[in-house]
There are 2 protein chains.
Amino acid sequence: MMDAADWAVVRRSTMFRTTDEAKLRDIIGDRSPRTHPRGQVLFLQGDHIDGLHLVVSGYVKLFRQTEDGADAIVGIHGPGQSFGETAALLATPAHATAETISEARILTIDAERLRTRLGADPDLAFAMLASASMHLRSMVDELERLKGLPGPRRVAGFLCDLAGLDEGSAAFDLPYEKSLIAGRLGMTPESFSRALAKLRDRGVTIDREHVRISRVENLRDFFEGEAA
Amino acid sequence: MMDAADWAVVRRSTMFRTTDEAKLRDIIGDRSPRTHPRGQVLFLQGDHIDGLHLVVSGYVKLFRQTEDGADAIVGIHGPGQSFGETAALLATPAHATAETISEARILTIDAERLRTRLGADPDLAFAMLASASMHLRSMVDELERLKGLPGPRRVAGFLCDLAGLDEGSAAFDLPYEKSLIAGRLGMTPESFSRALAKLRDRGVTIDREHVRISRVENLRDFFEGEAA
DNA sequence: CGACTACTTGAACAAAATCAAATGGGGTGG
DNA sequence: CCACCCCATTTGATTTTGTTCAAGTAGTCG
């Protein structure tokens, strides 16, 4: 079932943060999050998807397999984020494969039901539109980073986002494996490792998955393009 | 004013292709496309935007200026495509600068009016949601290409898209300057030029802006990862 | 005709990928 | 409990790819 913590995540999710509680309960119906072990494939590229997937806890990676075997990570979604919106809403085949990269609890919202509510409720549609727009915007940002910035800067940006602070020191754990982070940032694990090494003399300490940043503002300056 | 050809473009636009004619006329109101000379800045990153911009003819580039002076091209929009949706709908500042890269006719749809119609009309909201989703999807594709593929392959993909065919031979003109295409594909003009040269022995002929592809399926195979 | 611009080409250089090997936990079975 | 293995990560050496800087070519427009 869905406990208070779960419910809080759903309420504050990107997709539904502006949706009022009664409506949200109605949309969800009697569904509750389902727990998946790490490494479980939720759907395959090309599958028909029955609903919108909302991550309640854990992480899911979305990737596309290219002809030559390598897979390109298209996104990694954590608590409060959703995926499969397009496929569910438009009833088109999934355009990436989804696989859990940690134990994860996923709430699946029935596509048919969502479509009905959407048709009846302009506010909801508007909220989702806003959410999609923000998603689009973040995608554009990522595109820009990927194009313009050298590896270490991208890593710096990623760490700053994780820190969630603008200044001072921060300590946190990496949310998932380094090789996956590397893939998400569009580089190889080796390059990622070297990039981290380069950030060491900018006040970033890495021990296993534990990260400490002495002065976030320093790192952000570097990310945004200060001189060495 | 808006002639039949203009109207056809708007009707088939990504955003409004599923909207019925009466509603569309109502949304547009008495506005008509405005002609802009090449190189005109439509709005600046950070500006407040009064409406959604729909390209009727010509091309517009969207780019962001990075701290270090260089500008990253975030998208190039041609006939039937729209931009500024997010900023207009959510009344947030524009997050990129828009500049025409050819003479262009742009239809601006009043944001306030759009919001009202959207609230009153679930079908319209749904259509826009679908459009946003597709946009998102194309963004993801682009992200994937950019991450995974070496230059020449990206160029091959771009050319295949332009060809609009799956097989046989194709001949067309590049829609805008090569240096801009290069920027869009995340590379320098020099690299783009060299990439084109490499595609020559795969049946691609370039003369000025005229392109001829002898066998599109060959090129697509290469793009998708065949051996040399 | 001449200057401008876009594009191409070349050479040196920098960044990142690849290949290969070493390190170091964490977990398993004895 | 300990030895051992497995796997993620790091590190090193090498090669590929793409950028930068510089020069040359060609088409265009005044």
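Per chain, numbering begins at 1; letters A, B, ... match sequence-line order. What's counted below: heavy atoms across the whole structure, side chains too, no hydrogens, waters or symmetry copies.
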Quiz item: Of all nucleotides in DNA chain D with an atom under 4.0 Å from a non-hydrogen atom of chain A, which is the first and which the last going 5' to 3'?
Solution: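 Taking any atom under 4.0 Å from a heavy atom of chain A, the span is D:dT9 to D:dA13.
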Exercise. Mind jotting down which residue pairs meet the ring pair (Phe, Tyr, Trp, His ring centres under 6.0 Å) criterion with at least one end in residues 176-206 of chain A? Sequence neighbours excluded, please.
Key: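 Residue pairs passing ring pair (Phe, Tyr, Trp, His ring centres under 6.0 Å), neighbours aside: A:Tyr59-A:Tyr176.
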Quiz item: How does protein contact run along nucleotides 6-21 of chain C, one letter per nucleotide 5' to 3', with B for base contact, S for sugar-phosphate only, - for none, heavy atoms under 4.0 Å?
Solution: SSSBBB----SSBB--
Contact check, side chains of [X] and [Y], non-hydrogen atoms, under 4.5 Å:
X        : Y        : value
A:Met15  : A:Ile109 : no
B:Trp7   : B:Ile28  : yes
B:Gln81  : B:Val60  : no
B:Val155 : B:Lys198 : no

Self-check item: Contacts of type ring-ring contact (aromatic ring centres under 6.0 Å, His included), residue A:His77, not counting sequence neighbours
Solution: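 By the ring-ring contact (aromatic ring centres under 6.0 Å, His included) rule, A:His77 matches A:Phe83.
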Practice problem: Answer yes or no: is there a donor N or O on one side and an acceptor on the other, between the side chain of A:Ser82 and the main chain of A:His53, under 3.5 Å? | Solution: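 Looks like no, no N/O pair under 3.5 Å.
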Quiz item: Quick check: does any side chain N or O of A:Glu85 sit under 3.5 Å from a backbone N or O of B:Ser133, one acting as donor and the other as acceptor?
Solution: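 No, A:Glu85 side chain to B:Ser133 backbone: no donor-acceptor pair under 3.5 Å.
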Quiz prompt | Gap between atom CZ of A:Arg105 and atom OG of A:Ser32 - 0.5 Å precision | solution =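 A:Ser32 atom OG to A:Arg105 atom CZ measures 7.5 Å (nearest 0.5 Å).
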Self-check item: Proximity to DNA chain C (any heavy atom under 4.0 Å), residues of residues 155-163 of chain A only
Solution: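 Output list: empty, so none.
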Self-check item: B:Arg31 atom CZ: more than 12 heavy-atom contacts under 6.0 Å
Solution: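 Correct, the count exceeds 12.
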Quiz item: Between the two end axes of the helix from C:dC1-D:dG30 to C:dG30-D:dC1, each built from 5 base pairs, what angle do you get to the nearest 10°?
Solution: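 Computed from the C1' atoms at both ends, the axes differ by 30°.
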Quiz item: Salt bridge or not for A:Arg184 and A:Asp161, using N-O below 4.0 Å?
Solution: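 So A:Arg184 does not pair with A:Asp161 through a salt bridge.
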Quiz item: Can a salt bridge be assigned to the pair A:Glu177 and A:Arg38 using a cut-off of 4.0 Å between side-chain N and carboxylate O?
Solution: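 Salt bridge flag = yes for A:Arg38 with A:Glu177.
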